[in-house]
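Working notes, beginning with the structure itself.
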Amino acid sequence: MSTDLSKTRNFGIVAHVDAGKTTTSERILFYTGMSHKIGEVHDGNTITDWMEQERERGITITAAAVTCTWHKSGTDKTPENAIRFNIIDTPGHIDFTSEVKRSMRVLDGAVVVFDGVAGVEPQSETNWRYAAEANVPRLCFINKLDRTGADFERSYASILDRLSKKAVRLQIPIGEEEHHEGVIDVLEKKAFHFEGEMGINVVEVDIPENLSAQVEKYHHELVERIVENDESLLEAFLEGNEPNLTDLKRVLREAVISNEIFPVLCGSALKNKGVQKVLDAVVDYLPSPIDLPPAKGVHPDTGEEIERKADVNEPFSALVFKLQTDPFVGQLSFFRVYSGGVKAGSYVYNSITRKRERVGRIVRLQADKREEVQEVSTGEIAAMVGMKDAKIGHTLCDEAQPIILEEMTFPEPVVSVRIEPNTKADQEKMGIALSKLSDEDPTFKVSIDEETLETIISGMGELHLEILVDRMKREFSVGANIGKPQVAYKETIRGTAEAESKYIKQTGGRGQYGHVKIRIKPLEDFPEDKKLPKNVKRSEGFEFINSIKGGVVPSEYIPAVEKGIKEAMEKGIVAGYKMTDISIELYDGSYHDVDSSEIAFKIAGSLAYQDAAKRAKPVILEPIMKVEINTPERFMGDITGNINSKRGQIESMDDNGMGGRKINAKVPLSEMFGYTTILRSMTEGRATAMMEFDHYEVVPANVSEEIKKARGTAE
C-alpha cells in the first residue's frame, strides 16, 4: 500500500443542475482507464448516476464516490507516476443540497463546473458558498463551450461578478459554439487539440494567429496575479524579469491552496475537449492531504482542542459523511480517514456514541461497484460494511486516543407532507424504511402529529420528498400515499415578558413543589468572535441562561426546567408550530426540602414559558425562497405580475446572455407549490425556474389569520 500522500487528491465535481458535472465525471473515468466506454446522461447509462431515479430523470440525486488513478499528460504510465484520485460527483439540484454540503466537509479540493452559455447560476452560488465555508480550494471549469450561445468571456465575467474577484483565466478556448476546437494554456502559452477516439490524444498545436495577442495579454495578467503572492518573485517581476515556469507553478499552487486564486479552465466534456487538462490542473494546483492544516477536534472527556496530522503514524481518526443502504451487503458507512489507518476485522471507537464497533469489511467505491480492500490509511475515502451505530457526522477513532472531529450542520427542512401506508401490512415496513432513509439524509425528518397520529415527512422540496417516497417503494417494497405539500412554518416572539409559575400538588404522602421565575426575549446572535458565557447554553435557535444565585433553585433541578421549556417550545402559541430563536433566563424561584422533584420543576418551567410566550408578541414565521427565472423578453410582464400577486419581491431583472431575461426574486414558499406548471403554461413552456430556501420571515397579519383558521387555533 502506497503511503506517499503527495500523490493523492480528494476532490469533488460540483455545479448547478445541468451544467455537465456527471458528463465531466464520465470523461474522467474513461481517461483514467476506470471505464472502457463513456456513459451519457441522455442515454441513462452513466457510472456515477447509478440509481434508477437518476437515470430516469437525468439528474444526480446522491453523491457518488469513485477511486481511480491518473498519469499526467507527458509522463510515463508507471506506478511511480500514478496519482490516486478519490472523486465525489455531487448533485446539482437544490433539493439534494445536503449531499454537496457533507461532501465538502471531507474533500480537499473541488472542480466547480459552469455552463458556458448560462455562466453562474443559483446553485453555483450555493455550492460556492458551501466550499467557502469549508475552506475548500477550487478550480473553475467553464464547460459546454460547443453549445449555441456559449461565451467564455461572459461566463468568466459572471464568476468575477457573482462569486469571486480572485478568479483568473488559466486557459482560453480555441473557438466557441460549433467552432470550438481546443484550449490554450495561458501560463505555458501552449495550445492543445484533443484527437483520436473520444479525444483521448492530447496534441500540442500552434496558437492560432488571431489569438496570439490575447494570449500574451492574459499571460501577463496571470503572471501579475501569481507574483503578488510571493515577495521574491514580485521583486524580480518589477525589475522586468519574468520568473521561470517552475516557480510560477509552485507559487500558483500555494495561492490556490490558500484560496487566494481560483484558476479558470475551459472546454466541452460532451465533445471530449479539455477534460485531461483539468485533471493535470488538479494534480498541479489542488492540495494533497499533507498540503492542508491538521484536522481539528476536541477530546470527548476534557473538551480540550486536539489536532491530527495527515500521517499514517498518527492515531486513527475518520469522519463518517454518508450512509447508504445496499440491498446486498446492508448499510455502507462512507468515511474519510484523516490520520492513521484501519484494517478490516479490527475494532474502532465511535467517540460520539462512546461504543466500540467491529469493522466487518472495507470497500473502495467505484460508484455502485465495490472493490474489497484489507486496509485504508490517511487521506483515503472508502466505506465500511456492518457498522450498526455510526451516523452521519460521527467520528471513528483510536479508543486509547479519542477525538471528536468538527461535526456537520445541515439546513432545516422547509416542506412537509402527510404519508400513510397503502395496507396494514406496510405499516411496520414503512417505519423501518423511513428510519433508514432519515439516517441516510440529515435534511429528511420524520415525525408524528400528536393530534391526528399521522406520520409527517419533511424535506428540502417537493422533488426531494417525491424521490424518497419512490425509493421507499423500490428499495423497501413499501407502497404509500402522500398528502398535499405543507409549509414548515415556525413561530417566534417579537417582545419580552416575565412569568412566574408555582406547581404545587398535594397528595396523600409526599407532594410536588416547583417554583420558577423566567424572562423571555427574542434571541440575538452573538458576534462570532465572542464566546458564550458558561451559564448560557445555546442550540437550534434556543438559548437558556441560568442566573440563579445562592441556590434558590438547586442545581440538580435546573436541567429539568430547561427540559420543560424545550418540550413546551415544540408546540407554538399562535398556531401550534415549533418555536425558535428565543432566549430564556431563569432568574429566581424556590424549592421545598421534601416535596420538590425534577418533574415538578419541569412542569413549572413549561407553564411559566407558556404564560410568558403568550405575552411576548408571538408571531408565525414562513420560509422565503430565492427564485431565479429565465424567460424570453415578451413574457416578462406576465411573470412579474404573477410574482407580485404571490407576495413576491423582485430584486433584479438582467439580460441572461441567451437573448432573454433573468428575474431574481424572493417569494414565500407557500405561494410556490406547482409553480413550474403555472410558469410553463404562462410562457408556452419556454421559461424555466429554480428556487432554493433563503430565510424565514414574519408572515403578514392576514396570512397569519388564514393559517390559524386552517390549524383550528383562530379565536
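Side chain of N127 to main chain of A15: a donor-acceptor pair is present (N/O by atom type, distance under 3.5 Å, no hydrogens or angles). A donor-acceptor pair under 3.5 Å is absent between the side-chain atoms of S346 and the main chain of V342, judged by distance alone. Checking side-chain atoms of S339 against main-chain N and O of P315 turns up a donor-acceptor pair under 3.5 Å. A distance-only check finds no donor-acceptor pair linking the side chain of R361 to the backbone of A344 [under 3.5 Å]. Side-chain atoms of S268 never come within 3.5 Å of backbone atoms of K273 as a donor-acceptor pair (strictly under, hydrogens ignored). A side-chain donor-acceptor contact under 3.5 Å links Q276 to the backbone of G199.
Counting heavy atoms of neighbouring residues, nucleotides and ligands inside a 6.0 Å radius, atom NZ of K436 does not exceed 12 of them. Heavy-atom contacts from other residues, nucleotides or ligands closer than 6.0 Å to CD of E197 number 12 or fewer. Summarising the local packing, NZ of K343 is surrounded by 12 or fewer heavy atoms from other residues, nucleotides or ligands at distances under 6.0 Å. Within a 6.0 Å radius of NZ in K563, no more than 12 heavy atoms belonging to other residues, nucleotides or ligands are found.
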(request) Could you check N143 against T24 for side chain to side chain contact (heavy atoms under 4.5 Å, CB included), going step by step and ending with a plain yes or no? (result) CA-CA 9 Å; N143 186 27; T24 304; 4.0 Å; yes
(request) Determine, step by step, whether I352 and I404 satisfy the side chain to side chain contact (heavy atoms under 4.5 Å, CB included) criterion, reporting the C-alpha distance in whole Å, the side-chain angles of both residues, the deciding distance to 0.1 Å, and the verdict. (result) CA-CA 7 Å; I352 303 289; I404 297 177; 3.7 Å; yes
(request) Take V337 and S377 through the test side chain to side chain contact (heavy atoms under 4.5 Å, CB included) and record every step on the way to the result. (result) CA-CA 6 Å; V337 184; S377 69; 5.7 Å; no
(request) Walk me through it: do V446 and I456 pass the test side chain to side chain contact (heavy atoms under 4.5 Å, CB included)? (result) CA-CA 6 Å; V446 183; I456 312 287; over 6 Å; no
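Checked for salt-bridge contact, K277 and D280 meet the test: a charged N lies under 4.0 Å from a carboxylate O.
Counted by atom type alone, N350 and H394 present one or more donor-acceptor pairs between their side chains at under 3.5 Å.
The side-chain hydrogen bond (donor to acceptor under 3.5 Å, both in side chains) search around R354 returns D301, not counting sequence neighbours.
Summarising the geometry of G341 relative to F316, their closest heavy-atom pair is O-CD1, 3.5 Å, with the distance given to 0.1 Å. Heavy-atom minimum distance, M387 versus R358: SD-O, 4.0 Å. Looking at every heavy atom in both residues, Y31 comes nearest to M198 through OH-O, 2.6 Å. For the residue pair V256 and P137, the shortest heavy atom distance occurs at O-CB, 3.4 Å. L265 and A281 make their closest contact through CD2-CB, 3.7 Å (heavy atoms, listed as atom of the first residue, atom of the second, distance). Shown here for L405 and A295, the closest heavy-atom pair between the two residues is CD2-CB, 4.0 Å.
Checking each of L468, L437, L465 against I457 for a side-chain contact (heavy atoms from CB on, under 4.5 Å) leaves exactly one that passes, namely L465. For the pairing with F11, the ring pair (Phe, Tyr, Trp, His ring centres under 6.0 Å) check across F85, F141, Y285 returns one residue only, F85.
Distance check: L139 CG to I13 CD1 gives 9.5 Å after rounding to the nearest 0.5 Å. To the nearest 0.5 Å, atom CZ of residue R9 and atom CG of residue N86 are 11.5 Å apart. To the nearest 0.5 Å, atoms CD1 (I482) and CD (E420) are separated by 11.0 Å. To the nearest 0.5 angstrom, S477 atom OG is 11.0 Å from M472 atom CE. Between the CD1 atom of I403 and the CD atom of E304 there is a distance of 10.0 Å, given to the nearest 0.5 Å. Atom CG of N10 is separated from atom CD1 of I87 by 10.0 Å, given to the nearest 0.5 angstrom.
Residues I83 and T69 form no side-chain contact, since every pair of their non-hydrogen atoms from C-beta on lies 4.5 Å or further apart. Side-chain contact check for T378 versus E314: every heavy-atom pair is 4.5 Å or farther apart. Within the 4.5 Å cutoff, the side chain of V376 has heavy atoms near those of the F335 side chain. Residues D291 and R253 form a side-chain contact, since some pair of their non-hydrogen atoms from C-beta on lies under 4.5 Å apart. Side-chain contact between R138 and N259 is present, with heavy atoms from C-beta onward closer than 4.5 Å. Taking the side chain as every heavy atom from C-beta outward, L270 and R27 approach each other to under 4.5 Å. In this structure, K445 and S438 have side chains that are not in contact, with every pair of non-hydrogen atoms separated by 4.5 Å or more. The closest side-chain heavy-atom distance from F262 to W128 is below 4.5 Å.
The cationic group of R336 lies under 6.0 Å from the six-membered ring centre of Y338 and within 45° of the ring axis, placing it in a cation-pi geometry.
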